Amino acid sequence: MAADDDVLIIGGGPVGVCVAYYLAEAGCHVTLLERDELCSRYGGAYANAGLIVPSEVYPLAAPGALGQGLKWLLDSGSPFFIQPRLDPALWRWLLLFRRACAEERMRPLMPVLRALGRRSADLFAELAVARGKSFGYEQKGWLNLYATENGLAAGVAEAAEARALGVAAEVVDAQRAREMMPGLAGGVAGGVFHAENAHVDPQVFVSELGRRAARKGADIRLATEVIGLRTVGRRIVRVMTTRGDLEAGTVVLAAGCWSPALARLTGLNLPIQPAKGYSVTVARPEGFPELPAYLAEGHVCITPLGDRLRMAGTLELAGMDMRVRANRVAGIRRGAARFLPGLADREALEIWRGPRPVTPDGLPIVGRSPRHENLIVAAGHCMLGLSLGPVTGKLVAQLVAGQTPDLDLEPVRIDRFGLS
Ligand SMILES: Cc1cc2nc3c(=O)[nH]c(=O)nc-3n(C[C@H](O)[C@H](O)[C@H](O)COP(=O)(O)OP(=O)(O)OC[C@H]3O[C@@H](n4cnc5c(N)ncnc54)[C@H](O)[C@@H]3O)c2cc1C
């Protein structure tokens with residue numbers, strides 16, 4: 001039987017590579033299995049917005065989220081869309097989501113997100129200085145922009161709550177917002193600036209961290225898909241792949257939206273739904289500042305990435321239907337052009353969509369399986385899988401080493417939904 005510090009990681013997205021990196025650093029024998037390539041274009045992160053956001057303290061499940069979602073439900077051009085279908089897993093997920101939207105359930109999760117986000121941002125900064133800016137890490141902050149006075153008032157109220165949790169959130173008036181982001185359309189009411197936030201090109205970061213993990217001894221096996229998991233009693237004993245079977249010491253499931261299907265092979269139920277998002281990457285307009293922004297009423301993030309600019313947004317609960325809907329792409333462009341008219345007809349260099357692994361309460365699932373001795377789950381990172389990759393990797397490495405994790409894992413444990 002393989003030793004427990006002989007670790008097989010399933011999935012080579014931001015979470016899987018961060019786990020591989022910190023485990024290899026801790027001296028474990030690590031094998032990472034990825035069915036495609038690292039940060040696969042078919043995964044959830046390839047052309048995401050690249051934001052590292054310790055300022056994000058509101059989970060996806062928040063009061064009003066469901067009501068707003070229902071209002072948009074029938075409008076497939078809206079920023080949030082549920083494809084109605086008879087899938088019991090979706091309905092179970094929606095019930096759990098509705099429960100998690102209650103104010104008294106959401107509030108205690110805000111400091112948890114803050115602690116995870118802050119620790120992860122520190123780890124990003126550490127990784128960035130370790131070998132120069134080799135993955136394009138920039139810490140220039142993040143500007144939330146509001147087109148309307150109502151929007152700004154809501155943003156200012158959220159900023160006050162975030163500040164109470166230690167988040168750097170500075171309210172800026174319209175004039176200051178214009179100085180920070182030249183080219184803004186008329187009619188912008190103001191913004192909130194988060195100085196702590198940073199950005200990277202997700203694909204460059206994941207590939208670079210994979211290389212660093214390999215240099216520390218991790219065996220990164222690409223084009224290797226896990227097709228079966230054999231359990232005996234409370235242990236996973238074999239991991240079957242398209243390139244042969246492997247003996248399992250510890251197995252870390254970090255396969256994003258594909259984690260529930262793999263977990264089911266072992267009898268474990270993970271309530272994770274795919275939430276499709278889109279991005280449109282264009283050539284960066286001349287003079288566009290090194291400052292990512294969130295355009296609140298447009299529901300679009302904008303990130304400068306070298307000579308490109310990426311607009312990202314929308315959330316579509318449509319299962320694994322990965323069709324590109326032209327009206328969603330148009331919705332992102334419209335949302336961006338409302339604030340930055342110069343972006344309206346810039347030619348797309350790349351249109352991408354990918355599935356975010358969303359849990360009902362908006363927190364990831366990180367911890368040991370209650371059903372197995374040697375399975376750790378690191379999945380369900382919702383809108384924050386890049387941002388929370390390093391802290392997840394560190395926490396999993398601590399679990400494997402039998403150390404007390406840096407942060408309390410109780411709020412992110414697998415069985416908190418009462419399903420496993
Ligand atoms: C439009 C958009 C914008 C986003 N912007 C941000 C952002 O700015 N900041 C942020 O933090 N997050 C962002 N996200 C969310 C983030 O990208 C996800 O949370 C993240 O991808 C989750 O990482 P992961 O490693 O868990 O899963 P994934 O990135 O999906 O990686 C899972 C990997 O597992 C592999 N895999 C699956 N099944 C198997 C198998 N059987 N065998 C082997 N390998 C397998 C897949 O090929 C894939 O490479 C965004 C997402 C979208 C869609």
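Every number for a ligand or one of its atoms is a count from 1 in the order of the listing. Small disclaimer: the values here were computed from a predicted structure and weren't measured.
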For atom 47 (O) of ligand 1, the protein heavy atom that lies nearest, with its residue and separation
Glu34 OE2, 2.7 Å
Measure Tyr42 to ligand 1 on non-hydrogen atoms and call it side chain, backbone, both or neither using the 4.0 Å cut-off.
neither
Heavy-atom contact check, 4.0 Å cutoff: does Leu33 meet ligand 1?
yes
Mark the output for Ser279 as yes if a heavy-atom distance to ligand 1 is under 4.0 Å, and as no if none is.
no
Would you say Ala49 and ligand 1 have an N/O pair spaced under 3.5 Å apart?
yes
More than 12 foreign heavy atoms under 6.0 Å from CZ of Arg234: is that the case here?
yes
Could you tell me if Gln139 and Asn197 have a donor-acceptor pair between their side chains, going purely by distance under 3.5 Å?
no
By number and element, which atoms of ligand 1 are closer than 4.0 Å to a non-hydrogen atom of Gly12?
33 (C), 34 (O)
Candidate with minimal heavy-atom separation from atom 22 (C) of ligand 1, of Gly43, Gly385, Ser120
Gly385
Regarding Glu290 and His199, is there a side-chain donor-to-acceptor distance under 3.5 Å anywhere?
yes
For atom 53 (C) of ligand 1, the closest protein heavy atom turns out to be Gly354 O, 3.2 Å
To the nearest 0.1 Å, how far is atom 31 (O) of ligand 1 from its closest protein heavy atom, and which atom is that?
Gly13 CA, 3.4 Å
Show me which atoms of ligand 1 lie under 4.0 Å from any heavy atom of Gly256.
26 (O), 27 (O), 32 (C)
Tyr294 vs Trp142 aromatic rings, parallel, tilted or perpendicular, using cut-offs 30° and 60°?
tilted
So if I apply the side-chain hydrogen bond (donor to acceptor under 3.5 Å, both in side chains) rule between Thr281 and each of Arg310, Glu350, Arg346, which one comes out positive?
Arg310
For atom 30 (O) of ligand 1, what is the nearest protein heavy atom, given as residue, atom name and distance?
Gly44 N, 2.9 Å
Under 3.5 Å, N or O to N or O, is Cys39 touching ligand 1 that way?
no
Before signing off on this row, confirm whether Gly313 and ligand 1 have an N or O atom pair separated by under 3.5 Å.
no
Give a yes/no on ligand 1: does Thr224 have at least one heavy atom closer than 4.0 angstrom to it?
yes
Looking at atom 43 (C) of ligand 1, what's its closest protein heavy atom, distance included?
Arg35 N, 3.3 Å
Which bit of Cys382 is near ligand 1, meaning a heavy atom under 4.0 Å away: side chain, backbone, both or neither?
backbone
Parallel, tilted or perpendicular, as decided by the 30° and 60° cut-offs, for the rings of Phe97 and Trp93:
parallel
Check: of Arg41, His381, Glu225, Met383, min heavy-atom distance to atom 13 (C) of ligand 1 comes from Met383
For Ser40, atoms of ligand 1 separated by under 4.0 Å from a heavy atom:
49 (O)
Can you figure out which of Gly228, Ser387, Gly16 has its heavy atom closest to atom 11 (O) of ligand 1?
Ser387
Heavy-atom nearest option to atom 7 (C) of ligand 1, drawn from Val200, Val206, Leu51:
Leu51
Which atom names give the shortest non-hydrogen contact between Pro260 and Cys257, and what distance separates them?
CD-O, 3.3 Å
Whether the Thr314 and His299 side chains hold a donor-acceptor pair (N or O, under 3.5 Å, no angle test) is what I'd like checked.
no
